[in-house]
Amino acid sequence: MKGVPLPKFRLALLGRFELSRTDGPVELPNKKLAALLAYLACTAPEPQSREKLATLLWGSHFETQARQNLRQALFRLRRALGEDALIGDGEDISLAPGVVDCDVARRQALIRDGSRASLAAAVDLYKGRFLSDVNISEEAWADWVGAERQRLEGSALDALVRLGEIELAAGHADNALETAHRTLAINNLREDAHRLILQALAAAGRKAEALKHYQDLVALLELELSTEPDAATKSLAAVLASTQPPSRSFAVGEIAKPALPQPVEERRMRGEAIGDSMKVLITDDHALIREALHAVLKQLKHETVIFEASNGRHAMRMVEEHPDLSLVLLDINLPDRDGFSVLGELRERFPTIAVIILSALDDQDQVKRAFSLGALGFVPKTTEREVILNAIRLVLSGGIYIPSEILDCEERAASRQ
């Protein structure tokens with residue numbers, strides 16, 4: 001079987017325009033020729049009409065002149081890349097497969113792969129603003145390149161945050177922190193990157209710095225956008241602050257001690273045989289709730305095997321069959337037995353499994369009872385999905401999730417004493 005031939009040219013568009021081959025850089029005569037190649041590379045393998053290409057780069061010219069300019073540009077491009085570099089002698093033109101290795105296409109493939117190594121390679125490809133040195137005074141070009149710059153920047157930021165989350169889950173808090181700062185260097189208003197900083201600082205034992213960063217974020221959002229942090233960020237900050245509760249009388253923060261289960265990634269780093277996949281059990285008698293939680297868990301950035309149970313007996317049977325579960329999401333109101341009794345049995349028989357309680361209510365007494373029995377989190381079912389996901393991540397990394405509404409109640413109660 002013959003090997004796949006290597007591309008004749010490498011094309012860099014993420015930052016400054018650079019065209020090269022094995023023997024060195026290739027200089028194109030003018031910016032419009034570079035722009036034409038960039039557009040064909042980004043839209044490959046889809047053919048583009050001559051009318052569209054002429055409008056893109058010569059829209060301000062008369063139609064006859066625009067088409068003549070396009071013909072000359074295509075002739076020059078074939079001379080620079082080879083006669084077989086372009087396909088189509090009629091109305092449609094496209095870049096031939098395998099001629100150019102474009103960093104935009106390569107980066108998209110790496111992001112789709114989604115592994116740590118691929119994401120790291122993808123973020124390294126983003127050298128700066130898309131085609132930063134190719135500025136052409138044509139309305140159609142400005143519209144296209146502006147939209148591409150926005151899309152590619154957003155994609156780069158998403159990849160950076162995903163990479164940071166993978167580093168954090170692997171126990172590499174310093175790497176996660178560095179990645180988050182790289183994200184903010186591109187866009188300092190990305191709130192998911194600020195949340196990553198909070199989590200990374202907390203995981204590194206720098207909780208005071210995390211809370212200071214949150215206060216700085218509050219000021220930044222007020223100054224730049226006249227808004228405040230979203231619910232997910234507020235809930236994370238509340239959890240970080242909850243280790244120093246304002247009142248010492250029956251506070252949830254006092255009851256919620258660091259629990260017995262070791263964080264999943266910490267156990268993996270110690271070499272414990274916990275398998276390549278994280279296992280989670282959802283226990284709830286409502287199919288819609290189970291389905292919604294299933295969708296939330298699928299957003300975790302590592303492989304997750306999800307089991308479901310509709311009652312307490314079924315849940316305990318599933319746990320017995322899978323004692324290597326990392327997490328149980330447990331409804332407090334089950335049809336066959338009290339969810340608190342299931343929690344107590346889990347803590348007694350399977351102390352290494354983390355448990356997050358689900359409840360239709362956010363009653364303070366229920367929350368206190370759940371934490372006193374060893375739960376690591378309490379999530380009202382009315383909670384937004386992003387906040388639920390953040391709570392799960394926090395618990396899996398060794399933290400404790402307490403609803404911000406409960407903490408607010410305690411602060412008000414303390415202030416009245």
Side-chain angles (χ1 to χ4, degrees), residues 169 199 231-232 235-236 238-240 242 252-253 255-267 278-286 289-300 302 304-310 312 315-316 318-319 322 324-334 338-364 366-407:
Q199 291 173 303
S235 80
L236 177 57
V239 172
L240 293 174
S242 69
V252 172
I255 297 172
K257 304 297 183 184
L260 294 175
Q262 294 288 334
V264 175
E265 297 302 334
E266 182 178 332
R267 290 160 57 201
M278 184 183 71
K279 296 182 179 180
V280 179
L281 171 62
I282 302 171
T283 304
D284 196 290
D285 59 329
H286 293 94
I289 297 294
R290 296 198 302 272
E291 182 179 345
L293 290 170
H294 198 284
V296 170
L297 289 166
K298 283 301 182 183
Q299 296 181 59
L300 293 173
H302 42 72
T304 306
V305 179
I306 302 170
F307 303 96
E308 296 183 8
S310 59
M316 291 309 304
M318 293 296 294
V319 176
H322 302 279
D324 57 340
L325 282 162
S326 298
L327 175 67
V328 173
L329 299 173
L330 177 62
D331 184 13
I332 212 65
N333 294 309
L334 298 172
D338 178 38
F340 286 119
S341 68
V342 178
L343 172 60
E345 185 175 352
L346 284 171
R347 289 275 54 80
E348 181 178 352
R349 296 178 55 194
F350 303 95
T352 62
I353 300 176
V355 180
I356 294 177
I357 292 297
L358 308 172
S359 176
L361 305 173
D362 57 359
D363 178 76
Q364 196 167 14
Q366 275 197 350
V367 178
K368 290 178 180 178
R369 186 179 179 192
F371 282 114
S372 68
L373 289 172
L376 290 186
F378 188 103
V379 177
K381 293 182 181 180
T382 55
T383 304
E384 296 177 6
R385 288 191 179 189
E386 188 177 1
V387 179
I388 295 176
L389 180 62
N390 189 60
I392 292 171
R393 287 173 174 158
L394 191 66
V395 168
L396 290 174
S397 66
I400 297 169
Y401 177 79
I402 305 171
S404 56
E405 296 87 350
I406 296 298
L407 295 171

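Quantities reported herein were computed from a predicted structural model and do not represent experimental measurements.
- Within the 4.5 Å cutoff, side-chain heavy atoms of Leu327 are placed close to those of Ile392.
- When every heavy atom of Gln299 is checked against every heavy atom of Arg393, the shortest pair comes out as O-NH2, 3.7 Å.
- In this structure, CG in Leu329 is found 10.5 Å from CD in Glu308, a value given to the nearest 0.5 Å.
- Annotation: the span from Leu293 atom CG to Arg385 atom CZ amounts to 8.5 Å, rounded to 0.5 Å.
- To the nearest 0.5 Å, atom CG of residue Asp284 and atom CG of residue Asn333 are 9.0 Å apart.
- Between Ala309 and Arg290, the closest heavy-atom pair is O-CD, 3.9 Å.
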Carefully, step by step, assess Phe307 and Leu325 under the rule side chain to side chain contact (heavy atoms under 4.5 Å, CB included). CA-CA 10 Å; Phe307 303 96; Leu325 282 162; 4.0 Å; yes
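- Looking at Arg347, its side chain never comes within 3.5 Å of a backbone N or O of Val342 through a donor-acceptor pair.
- Just one residue in the list Leu346, Leu376, Thr283 forms a side-chain contact (heavy atoms from CB on, under 4.5 Å) with Val355, and that residue is Leu346.
- Residues Lys368 and Phe378 fail the side-chain proximity criterion, which asks for heavy atoms closer than 4.5 Å.
- Distance check: Thr382 OG1 to Ile388 CD1 gives 8.5 Å after rounding to the nearest 0.5 Å.
- Considering CG of Leu330 and CD1 of Ile282, their distance stands at 12.0 Å, rounded to 0.5 Å.
- Shown here for Arg369 and Phe340, the closest heavy-atom pair between the two residues is NH1-CD1, 3.2 Å.
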Verdict with supporting geometry, His322 and Asp324, side chain to side chain contact (heavy atoms under 4.5 Å, CB included): CA-CA 5 Å; His322 302 279; Asp324 57 340; 3.9 Å; yes
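- Smallest separation of non-hydrogen atoms from Val280 and Thr304: CG2-CG2, 3.9 Å.
- Closest heavy-atom contact between Ile332 and Ser359: CG2-OG, 3.9 Å.
- Looking at every heavy atom in both residues, Ala232 comes nearest to Asn390 through O-ND2, 3.8 Å.
- Atom CD1 of Ile306 is separated from atom NZ of Lys298 by 4.5 Å, given to the nearest 0.5 angstrom.
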Show, in sequence, the C-alpha distance, side-chain angles and deciding distance for Met278 and Leu396, and conclude whether the side chain to side chain contact (heavy atoms under 4.5 Å, CB included) test is met. CA-CA 10 Å; Met278 184 183 71; Leu396 290 174; 3.5 Å; yes
Go through the steps to decide whether Lys381 and Asp331 satisfy the test side chain to side chain contact (heavy atoms under 4.5 Å, CB included), and finish with yes or no. CA-CA 9 Å; Lys381 293 182 181 180; Asp331 184 13; 3.3 Å; yes
